[in-house]
Amino acid sequence: MTTNSPAFDQAEWRLGAACRGMDADVFYPPENERGHARSILVAKARKICEQCPVLTECRAYALAVDERHGVWGGLSETDRRKRRTYVTPTSD
């Protein structure tokens, strides 16, 4: 499945996600949470993601749609920000 395919856009892979039916708050630490406390919350979410059969699809989706919040595919907001590629415009 590619990020351009209709199935990817419809996110059918979510049906097999380990987090399906869980409280979303597990994957979205409070915005005001910082430091060690935030790290603990992110680690709990990652632990769930580690066992997920659709981890790869979830991660690819979050990167493809530039998801800015929460833990997706075991990646936090910071992890995804580090993986983004920015293209610098060139002058012709």
[X] versus [Y], closest heavy-atom pair with distance:
X     : Y     : result
Arg14 : Arg20 : O-CD, 3.8 Å
Pro30 : Arg38 : O-NH1, 3.0 Å
Pro53 : Gly16 : CG-O, 3.2 Å
Arg46 : Ser76 : NH2-OG, 3.5 Å
Gly74 : Cys49 : N-SG, 3.4 Å

**Message:** Between Thr78 and Arg81, do the side chains contain a donor N or O and an acceptor N or O under 3.5 Å apart?
**Reply:** yes
Report whether [X] and [Y] are members of the same hydrophobic cluster (ILVMFWY, side-chain heavy atoms less than 4.5 Å apart, transitive linking).
X     : Y     : value
Phe27 : Leu55 : no
Leu63 : Val65 : no
Val71 : Tyr28 : yes
Trp13 : Met22 : yes

**Asked** About how many Å separate CD of Glu12 and CD of Glu57, when rounded to the nearest 0.5 Å?
**Response** 11.5 Å
**Complete:** Taken to the nearest 0.5 Å, the spacing of Glu77 CD from His69 NE2 works out to 7.5 Å
**Item:** Flag if over 12 foreign heavy atoms under 6.0 Å of CD, Glu50
**Value:** yes
**Whether Arg80 side chain and Leu75 backbone form a donor-acceptor pair below 3.5 Å** = yes
**Complete:** Exactly one of Val54, Thr56, Ile48 clears side chain to side chain contact (heavy atoms under 4.5 Å, CB included) with Cys52, and that residue is Val54
